[in-house]
Amino acid sequence: MSESMTGSLTGVAVSPGRARGPVVRVAEPLGEPERTPAPADPAAEAARIAPAAKAVAARLEALAETAEGEAATILITTAAMASDPALTEQAQQLVTAEKIPAARAVHEAAAGFAKALAAAGGYLAERVRDVEDVRDRLVAELLGIAPPGVPELTTPSVLVARDLAPADTAGLDPAKVLALVTEEGGPTSHTAILARALRIPAVVAVRGLIALDADALTVDGDTGEITRADASEPVLAAGTSGPVDWDGTGRTADGHRVKVLGNVGSATDARAAVDAGAEGVGLFRTEFCYLDAPAEPSVAEQRAAYAAVLEPFRGKPVIVRTLDAGADKPLAFLSPEDEPNPALGVRGLRIAFDRPEVLERQLEAIAGAAADSGAEVSVMAPMVATAAEAAWFAERVRAAGIARAGVMIEIPAAALSAAEILAEVDFVSVGTNDLAQYTFAADRQLGAVAALNDPWQPALLRLLGLIGDAAKATGKPAGVCGEAAADPLLARVLTGLGLTSLSMNAAAVRAVGASLAEVTVDQCRAAATAALAAGSGAAARKAALSADPT
């Protein structure tokens, strides 16, 4: 949306609250380093890269020691990426082979890693920003300049940026940051996730933000509106800081049960979810076991890797998603063919129709890991479109000795056929990120269409309502494992729509659990009814707030 005469812009509201204060702008990312002059001693130039990586990783690790929960996990993960020998070795090889400066070599090596993640799509594509952040930190270290990022804040301020790296967001002090506003990013970005965890009002995908001339801004994290303010006006804080009080059991104030679960993709994620108080796992992404694998991991290798993630959840429910890959998320051993539109091609469960042995070996490994860990494991398949596909998958899950089979609903056709699909499986789980992008024909990675991927969009909520109705009619569970579940207010609406479990990034667990505990199920239903009747995502959020007496 273009700037109005009043200096107002609108973006996607991702963290609630209202704030006003002076603007502090985050420096733009570093440009591309020069390829010249050629180093006089390529071997000595290449040798500079490893110490630089070690220094960057050490600073991130030191910052992680001062953080907690998801913020600490992200900083540790970023530090590990900075010290990844694969990145260092590839950059060193570029220096010696192409006779280019170390900074340029790091930039080019990182570009290769970022391209691979972007091609993987979904959750992995959202990690491209992490790679770019590490790249800029390493380049700055090699050039002897200050890395781009958040400047030191001397007074409470509104932080404005084109985008924020996860490590920068994780290191923010909520006492100094009144609000976050970015021109890029989307509802599922780490900026959104961490802003909610830190209870900082935030709006992303604000087109025209960088060009907006303003010394002070008013930010509304409920409506997504950004307004130029008078610098002489007093600072307005959101008033949402402070500890979140939750007893660890997902339920409304009148006892209506809604499981609050974690999304995990590694052993580190699993520990973070346990520390956050998650009641179990609603989405265990297994792709980590296959990444960069030239050949399919053996059953034994998979079993050990899965057991390490499952072990912290002994005696608790865990839903494991089978391999989500394909032409849009290429894995070498699958030899996917080129497709004109891979996001709509052979991916997810569709691979197993041609390569059932890959699925069968994974199910064998999952069953073994469940026995090793003592977790209560269920399995679900991604990219399911019909009831017949759901039945095909469930038959193989049960043949592998796993008691509960389910599927993800990410395709509008599956949402419209939820009752028929639930007749074939034990549960369904909604991937709202993909369901939104397929419903609105809007790439979830593209900031220009981020508003269409806002999980508050009424059309998406209506599809979720159909799924909730199907769950009630069949008496079977229907959860949400997309980022929509991480919004404390939207969690109430989802409960009101009939969803029975909510699964999210560890950072959001306590806030969502506490939000549900403050209202009755009838209040959740009233908020859902109001949101469904709205004409836009922003209006739906406002309607839910108005319908909610708390």
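Just so you know, these numbers come straight off a predicted model, no measurement behind them.
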**OP:** Check the pair T322, F393 against side chain to side chain contact (heavy atoms under 4.5 Å, CB included), reporting the backbone distance first and the verdict last.
**Re:** CA-CA 10 Å; T322 55; F393 175 72; 4.0 Å; yes
Original post:
To the nearest 0.5 Å, how far apart are CG in L60 and OG1 in T78?
Top reply: 6.0 Å
Subject >> Close side-chain approach of E410 to P382, heavy-atom, < 4.5 Å >> reply: yes
**OP:** Would you check if L422 and E420 make a side-chain contact, meaning some heavy-atom pair closer than 4.5 Å?
**Re:** no
Original post:
Got M380 and F427 here, is their nearest side-chain heavy-atom distance under 4.5 Å?
Top reply: yes
Original post:
Should W392 and E424 count as side-chain neighbours, where that means a heavy-atom distance under 4.5 Å?
Top reply: no
Original post:
Under the 3.5 angstrom rule, does the side chain of D168 hit a backbone N or O of L164 as a donor-acceptor pair?
Top reply: no
Original post:
Stepwise, does the side chain to side chain contact (heavy atoms under 4.5 Å, CB included) test hold for W456 with V12?
Top reply: CA-CA 10 Å; W456 282 94; V12 179; over 6 Å; no
Original post:
Can D222 and R18 be said to form a side chain to side chain contact (heavy atoms under 4.5 Å, CB included), step by step?
Top reply: CA-CA 7 Å; D222 293 306; R18 195 166 184 270; 5.6 Å; no
Original post:
Are the charged groups of R285 and D324 less than 4.0 angstrom apart, N to O?
Top reply: no
Original post:
Any chance NZ of K476 has more than 12 other-residue heavy atoms, nucleotides or ligands included, within less than 6.0 Å?
Top reply: yes
Original post:
Run the side chain to side chain contact (heavy atoms under 4.5 Å, CB included) check on L75 and E61 step by step: do they pass?
Top reply: CA-CA 7 Å; L75 288 164; E61 289 166 354; over 6 Å; no
**OP:** Output yes when a side-chain donor or acceptor of D372 lies under 3.5 Å from a complementary backbone atom of R303, and no otherwise.
**Re:** no
**OP:** Grab the two heavy atoms, one from R541 and one from T223, that are nearest each other, plus how far apart they are.
**Re:** CD-N, 4.5 Å
Original post:
Looking at CG of L460 and CG of L452, how far apart are the two atoms once the value is rounded to the nearest 0.5 Å?
Top reply: 11.5 Å
**OP:** Taking the side chain as every heavy atom from C-beta outward, state whether L344 and Y438 have any pair of such atoms under 4.5 Å apart.
**Re:** yes
Subject >> Test item: N263 side-chain N/O and A506 main-chain N/O as donor-acceptor pair under 3.5 Å >> reply: no
Subject >> Closest contact, heavy atoms only, D245 versus A514 >> reply: O-CB, 3.5 Å
**OP:** Check V493 against A544 and note the closest heavy-atom contact, atom names and distance.
**Re:** CG2-CB, 4.0 Å
Subject >> Q302/Y290 under side-chain hydrogen bond (donor to acceptor under 3.5 Å, both in side chains): CA gap, chis, key distance, verdict >> reply: CA-CA 9 Å; Q302 292 184 56; Y290 296 85; 2.8 Å; yes
Subject >> Salt-bridge criterion met for R196 and E483 (N-O under 4.0 Å) >> reply: yes
Subject >> Derivation and outcome, salt bridge (charged side-chain N to carboxylate O under 4.0 Å, His left out), residues R347 and D434 >> reply: CA-CA 13 Å; R347 55 165 291 199; D434 271 336; 3.6 Å; yes
Original post:
Is it true that R321 and E287 make a salt bridge, defined as a side-chain N closer than 4.0 Å to a carboxylate O?
Top reply: yes
Original post:
Quick one: are V384 and I411 in side-chain contact, heavy atoms under 4.5 Å?
Top reply: no
Original post:
Got F113 and V134 here, is their nearest side-chain heavy-atom distance under 4.5 Å?
Top reply: no
Original post:
Between R199 and A195, is there a donor-acceptor pair closer than 3.5 Å when you use the side chain of the first and the backbone of the second?
Top reply: no
Original post:
Nearest 0.5 Å, what's the CG-OG1 distance between L516 and T249?
Top reply: 12.0 Å
Subject >> Nearest atoms (heavy-atom pairs only) where A485 meets V512 >> reply: O-CG2, 3.4 Å
Original post:
Below 4.0 angstrom, N of the basic side chain to O of the carboxylate: do E279 and R257 qualify?
Top reply: yes
Original post:
Judged by atom type as modelled, is there a donor-acceptor pair below 3.5 Å linking the side chain of S503 to the main-chain atoms of G282?
Top reply: yes
Original post:
What is the minimum heavy-atom distance between T474 and A419, and which atoms define it?
Top reply: CG2-O, 4.2 Å
Subject >> Sidechain N-carboxylate O distance under 4.0 Å for R492, E518 >> reply: yes
Original post:
If you measure from CG on L261 to CG on L283, what distance do you get to the nearest 0.5 Å?
Top reply: 10.5 Å
Original post:
Is there a donor-acceptor pair under 3.5 Å between the side chain of E301 and the backbone N or O of S298?
Top reply: yes
**OP:** For Q523 and T520, indicate whether the former's side chain and the latter's backbone hold a donor-acceptor pair under 3.5 Å.
**Re:** yes
Original post:
Looking at V281, I402, I319, which one forms a side-chain contact (heavy atoms from CB on, under 4.5 Å) with S378?
Top reply: I319
Subject >> Side chains of L461 and L490 in contact at under 4.5 Å (non-hydrogen atoms) >> reply: yes
Original post:
Below 4.0 angstrom, N of the basic side chain to O of the carboxylate: do K316 and E376 qualify?
Top reply: no
Subject >> Euclidean distance, I76 CD1 relative to E65 CD, rounded to 0.5 Å >> reply: 8.5 Å
Original post:
Quick check: does any side chain N or O of T182 sit under 3.5 Å from a backbone N or O of V204, one acting as donor and the other as acceptor?
Top reply: no
Original post:
Atom CG of L194 and atom CG of L172: how far apart are they, to the nearest 0.5 Å?
Top reply: 8.5 Å
Original post:
Is a side-chain donor or acceptor of S417 paired with a backbone partner of I421 at a separation under 3.5 angstrom?
Top reply: no
Subject >> Donor-acceptor under 3.5 Å (R314 side chain, S373 main chain) >> reply: yes
**OP:** For residues L502 and A491, report the shortest heavy-atom separation together with the two atoms involved.
**Re:** CD1-CB, 3.6 Å
Original post:
Should D522 and R525 count as an ion pair when the cut-off is N to O under 4.0 Å?
Top reply: yes
